[in-house]
S.K.: 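The structure that follows is given in the form of structure tokens.
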Amino acid sequence: VLQSSNSLKASYEDWLLTYGLSVSPFHLRWQTALFNRQFYNWGRWKPKFLYLWFSVGMVFGIVAMFGSVILLGKTLLQTLTQMLTEAPKAQNDRMLQVVVSVPSSGLCLRTIAANFGAELFVFVPLVFLLCFVLLSCPHQQVPGVNLPISQLTYFFSAILISGVIHEVGHGVAAIREQVRFNGFGIFIFIVYPGAFVDLFTTHLQLISPVQQLRIFCAGVWHNFVLGVASFMVLFLLPAILFPFYYTGVGALVTEVAEDSPANGPRGLFVGDLVTNLQDCPVYNVEDWNSCLGDISEKSQVGYCVSAATLQQLSFPARVYRRLDGTVECCSNNSLTDICFSYSNKLDSHLYACLPARKVIEASKVCRTNMDCHKDFVPSFCVTPSLENQTRLIRVKHPPHIDMLYVGHPMHLQYTVSLSSFVPRQNFLSIDLPVVIETFCKYLISLSGALAVINAVPCFALDGQWILNSFLEATLSSLIVEKQNRELVGFLILLAGSALLAANVALGLWMVTAR
């Protein structure tokens, strides 16, 4: 039985080796030489162009190494400031933010670590590192902060593509510098996908520090280029999709959550085109978010009602104060009536229970009675008397009847999904532009995270090898002893690692504390 078990184990290991598979707890890795020819073709294509390309990448990588330290330093100061103030700024104001896709850990980085046997693997100590995301789109969903299950495909796909592009940069640059390329692979750690390249370490150690810099900076450079390319696609998307979709006419509803206050017979439906929120015009999704933000920050607007109409619609009601100090005057348990406040020359605190739709329809918005004076018709500016933070919002989505929403504006923002792209033909999908937009935003965020964090002079990140090669290229004449140069590099790496660890620890504390 023991011999049979050993034979089965050997057969299993041979099968894994044949297909380039490696299995260990929480870690599955696949390595292959199938793409070697393609990598060599890329590495030998237009040598002068590639020399210029990776030389620019080398300069970018060095600048990014110093820039990442500055960014992490500013982020750390911002985090400490938020911790010490009673009313901290919103997290969207921070330059960088910790992102976790599960409560305890996260991953979005791949880096270079030397295997002193015969290989150069791209690996990250996953237990320690968590990724940061550049928050260029504060109103969008951020992985780990408010990432729904429906967005996991974007998240993991963007991680994998960013990692692959990162490693392609290292691999092609290595071939360009005459370093032997052994293979390319993909791995999964727990649930996180990633990529790596296998280079011949001896060749890498024999080339000059400048050549090493071109290789080590190539991954960061390619992630930056991927982020810029994704941003360009996002910026030019209206022009790219112009033959099929038009923009600038409103925000198209693509989804209404089942528990959304906007869900109902008089609510919003998929395919509706929102053109106005109160008197705020909506031409795209950005306008929708901006209008809701303004409505939330400003006081409730009123509506112009003539004195005759006010007398006709109102009926006697008992006035009482709610617990938050606001006034209620509708006691008939009606879902259509709302308490309105107004003032006249004799009394500045008058209240009337009025049918909301009859008051609001065909009425212009106002702030004071002066806004309603027209054609010498006595009119009043009546304002809904609602609980604090609650707003009455008139949503125009022609040709349907206006939706009257009562609640917190942010609930409307988070439970209704919209698109700025309206199909020119009925058979075109309303979701396609949203998919492209969302995926581009994830690529920008996660590829940007790889570019910034991998450039940090920290142990086990690209920044470690960039720093070592940079010191060899610049300090060899000033500090003759290599041992002393290595000591300088070690101290810088220690400081960079501490800076990154402090950002991760405090950032996680800020996320979990809220």
Side-chain angles (χ1 to χ4, degrees), residues 137-142 146-154 234-235 237-297 301 335-336 356-357 360-362 365 390-442:
C137 304
H139 290 295
Q140 299 302 319
Q141 288 167 323
V142 181
N146 56 349
L147 175 67
I149 295 177
S150 61
Q151 304 258 314
L152 289 178
T153 302
Y154 297 111
L234 187 64
F235 180 76
L237 195 58
I240 296 171
L241 297 180
F242 180 77
F244 310 102
Y245 298 84
Y246 55 90
T247 57
V249 294
L252 184 69
V253 178
T254 59
E255 183 183 1
V256 180
E258 290 185 7
D259 58 346
S260 172
N263 189 14
R266 293 286 183 92
L268 297 175
F269 296 90
V270 173
D272 286 356
L273 192 66
V274 178
T275 58
N276 285 85
L277 292 173
Q278 303 287 45
D279 58 340
C280 183
V282 175
Y283 299 107
N284 48 47
V285 176
E286 287 71 24
D287 289 342
W288 164 272
N289 292 324
S290 177
C291 290
L292 285 176
D294 289 342
I295 292 171
S296 179
E297 293 174 3
V301 298
L335 298 177
T336 60
R357 187 167 294 278
I360 293 174
E361 283 183 342
V365 297
T390 302
R391 297 289 184 271
L392 171 60
I393 305 174
R394 177 171 58 187
V395 182
K396 288 185 175 294
H397 54 125
H400 306 289
I401 190 172
D402 295 351
M403 181 186 80
L404 301 184
Y405 169 81
V406 178
H408 197 289
M410 293 301 102
H411 294 166
L412 188 61
Q413 183 177 20
Y414 292 140
T415 58
V416 178
S417 301
L418 303 104
S419 170
S420 300
F421 297 85
V422 181
R424 294 183 182 274
Q425 303 295 334
N426 292 332
F427 64 86
L428 293 173
S429 171
I430 63 175
D431 295 320
L432 178 61
V434 177
V435 170
I436 299 174
E437 273 188 314
T438 306
F439 189 60
C440 284
K441 289 172 182 176
Y442 273 92

S.K.: Just wondering, are more than 12 heavy atoms of other shown residues or ligands nearer than 6.0 Å to CZ in Phe269?
M.R.: yes
S.K.: Assess the residue pair Val365 and Arg394 against the criterion (side chain to side chain contact (heavy atoms under 4.5 Å, CB included)); give the C-alpha distance rounded to whole Å, side-chain angles, the decisive distance to 0.1 Å, and a yes or no.
M.R.: CA-CA 10 Å; Val365 297; Arg394 177 171 58 187; 4.0 Å; yes
S.K.: Take the angle between the ring planes of Phe421 and Tyr245 and call it parallel below 30°, perpendicular above 60°, tilted in between.
M.R.: perpendicular
S.K.: Taking all non-hydrogen atoms of both residues into account, name the closest pair between Asn276 and Pro281 and its distance.
M.R.: ND2-CA, 3.5 Å
S.K.: Measuring from Ile295:CD1 to Leu277:CG, what's the distance to the nearest 0.5 Å?
M.R.: 5.0 Å
S.K.: Whether the Gln413 and Asn289 side chains hold a donor-acceptor pair (N or O, under 3.5 Å, no angle test) is what I'd like checked.
M.R.: yes
S.K.: Within this structure, what is the OG1-NE2 distance for the pair Thr275 and His397, rounded to the nearest 0.5 Å?
M.R.: 9.0 Å
S.K.: Can you find a pair of side-chain heavy atoms, one from Glu361 and one from Ile401, that are under 4.5 Å apart?
M.R.: yes
S.K.: Between Leu418 and Val253, is any pair of side-chain heavy atoms under 4.5 Å apart?
M.R.: yes
S.K.: Taking the side chain as C-beta and beyond, is there a heavy-atom pair between His411 and Tyr405 under 4.5 Å?
M.R.: yes
S.K.: Measure the shortest side-chain to side-chain distance between Pro423 and Leu252 over non-hydrogen atoms and say whether it is less than 4.5 angstrom.
M.R.: yes
S.K.: If you round to the nearest 0.5 Å, how far is CG of Asp431 from CD of Glu437?
M.R.: 11.5 Å
S.K.: Is there a side-chain contact between Glu286 and Ser420 (heavy atoms, below 4.5 Å)?
M.R.: yes
S.K.: Arg357 versus Arg266: any side-chain heavy-atom pair under 4.5 Å?
M.R.: yes
S.K.: Do Leu412 and Met403 have side chains that get closer than 4.5 Å, going by heavy atoms?
M.R.: yes
S.K.: So do the side chains of Met410 and Ser296 get within less than 4.5 Å of each other, counting heavy atoms only?
M.R.: yes
S.K.: For Arg391 and Pro409, work out which heavy atoms get closest and say how close.
M.R.: CG-CG, 3.8 Å
